[in-house]
*Asks:* 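Got a structure here, written out as structure tokens. Questions coming.
As the structure is a prediction and not an experimental result, all values here were calculated from the model.
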Amino acid sequence: MPQAVEAYVEGSNFSMIDQIKRQIIYLYEEDFKKIDASGRLAAMYRAIPAQLARDVRKYRISTALGKKKSSAEDRLLYDLIDSRTVLPSYNSSDPRVSLSLTKDLDSYKLYLADTGLFVTLLFIDRPATENEIYAKLLSDKLPANLGYLYENLVAQMLAASGRELYYHTWEKEGSTHYYEVDFLLSQSEKVSAVEVKSSGIGRHESLTEFQRRYSRHLDGCYVLSQKDLDRKDGLDYLPVYMTPFLSLEGEKSLVGASSFVSVTEEEVMERLNIARENSARGKQREAESVISDMRSKYGL
């Protein structure tokens with residue numbers, strides 16, 4: 001999305017940048033019409049944020065199109081996935097086994113491959129998205145549960161790390177409700193479970209139950225949010241920006257079991273800047289020493 005990035009660098013306000021993103025979405029939809037002139041493909045694409053916001057088990061084509069699904073719509077789904085504008089995440093029916101072998105092709109979620117366009121689609125019902133909305137969004141003052149926005153962001157980062165996306169749902173005993181873990185990651189012969197929160201950490205009943213249910217097959221349990229690094233009751237709490245570290249095969253806990261409790265984003269960035277400056281001055285040993293110290297103290 002170089003046009004939007006260029007506009008941001010040049011100092012354009014968020015409303016102007018949003019218009020550029022809208023133009024990109026309209027171009028996507030014009031390309032979708034070359035595949036399916038009826039507009040169904042574009043409707044399926046636009047429906048992704050709304051379906052994630054409803055917090056349902058899976059994406060429903062019938063809801064997106066307003067009619068009963070047919071085999072033709074199934075083919076459109078694969079056309080949409082092949083366009084690389086969306087990221088599919090499949091429900092693993094049994095995370096104790098290989099995720100790819102137990103993925104349910106009829107139970108899946110769809111995320112947008114670009115979270116910036118996801119934000120624009122959230123407000124596509126109005127002619128333009130005002131600066132005030134973006135300001136509230138960035139300051140976490142928008143009066144809405146934006147867990148699904150963070151979920152899309154995590155999906156994009158995991159996919160960029162080369163991961164296929166999986167999640168897991170199972171019934172609550174004696175209830176019509178269900179448990180759900182947002183993302184599953186294969187780690188050697190085991191699996192890691194990831195839950196995404198927006199602002200506060202809140203409750204994580206599904207992750208705790210997953211930890212109990214699959215303890216023998218579990219590599220780690222992670223809660224991603226805006227909070228700082230921490231560890232409690234066997235759960236690792238990470239800020240969302242550390243998501244790429246989850247895709248490092250065979251990595252141990254990112255928090256570790258040392259006496260250190262938490263580290264802020266500002267502290268991490270400050271130490272990284274010191275390492276970068278030392279490297280730029282040709283002081284490779286000093287730069288490596290800073291990184292090594294961060295690894296030993298914080299498990300990074």
*Asks:* Assess whether a salt bridge exists between Glu132 and Lys136, defined as any Lys/Arg side-chain N lying under 4.0 Å from an Asp/Glu carboxylate O.
*Replies:*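 Looking at Glu132 and Lys136, the cut-off is met.
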*Asks:* Check for me, please, whether Tyr167 and Tyr111 land in the same ILVMFWY cluster - side-chain distances under 4.5 Å, paths through other members count.
*Replies:*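 Different clusters: Tyr167 never reaches Tyr111 through Ile, Leu, Val, Met, Phe, Trp or Tyr contacts under 4.5 Å.
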*Asks:* Evaluate the side-chain proximity of Asn152 to Thr115: yes if any heavy-atom separation is below 4.5 Å, no if none is.
*Replies:*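 Yes, at least one pair of side-chain atoms sits under 4.5 Å.
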*Asks:* Report yes or no: do Thr102 and Arg96 form a side-chain donor-acceptor pair below 3.5 Å?
*Replies:*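 No - no donor-acceptor pair under 3.5 Å links their side chains.
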*Asks:* Is there a side-chain contact between Met44 and Tyr59, using heavy atoms and a 4.5 Å cut-off?
*Replies:*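 SC-SC contact between Met44 and Tyr59 confirmed.
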*Asks:* Is there a side-chain contact between Gln156 and Phe118 in this structure, where contact means two heavy atoms from C-beta onward sitting under 4.5 Å apart?
*Replies:*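 Gln156 does not reach Phe118 side chain to side chain.
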*Asks:* Using a 4.5 Å cut-off on heavy atoms from C-beta on, say whether the side chain of Asp114 contacts that of Ile24.
*Replies:*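 No - every pair of side-chain heavy atoms lies 4.5 Å or more apart.
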*Asks:* Under a plain distance cut-off of 3.5 Å, with no hydrogens placed, do Asn91 and Thr169 share a side-chain donor-acceptor pair?
*Replies:*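 Looking only at side-chain atoms, Asn91 and Thr169 do form a donor-acceptor pair, the distance falling under 3.5 Å.
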*Asks:* Is there a chain of hydrophobic side chains (I, L, V, M, F, W, Y, each step under 4.5 Å between heavy atoms) that links Ile20 to Met16?
*Replies:*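 Each belongs to a different hydrophobic cluster.
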*Asks:* Between the side chains of Glu164 and Tyr90, is a donor N or O closer than 3.5 angstrom to an acceptor N or O?
*Replies:*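 Absent: no donor and acceptor within the cut-off.
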*Asks:* Applying side chain to side chain contact (heavy atoms under 4.5 Å, CB included) between Val194 and each of Leu224, Leu158, Leu238, report the one that passes.
*Replies:*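 Of the listed options, the one satisfying the test is Leu224.
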*Asks:* For the backbone of Tyr166 and the side chain of Lys103, can you confirm whether one donor and one acceptor N or O come within less than 3.5 Å of each other?
*Replies:*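 Not a single qualifying donor-acceptor pair exists.
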*Asks:* Assess whether atom NZ of Lys172 is packed by more than 12 heavy atoms of other residues, nucleotides or ligands within 6.0 Å.
*Replies:*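 It does: Lys172 NZ has more than 12 such atoms within range.
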*Asks:* Relative to the ring of Phe210, is the ring of His168 parallel (under 30°), tilted (30 to 60°) or perpendicular (over 60°)?
*Replies:*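 His168 and Phe210: perpendicular rings.
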*Asks:* Look up atom CG in Leu121 and atom CZ in Arg46, then write down how far apart they are to the nearest 0.5 Å.
*Replies:*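 Leu121 CG to Arg46 CZ: 6.5 Å, rounded to 0.5 Å.
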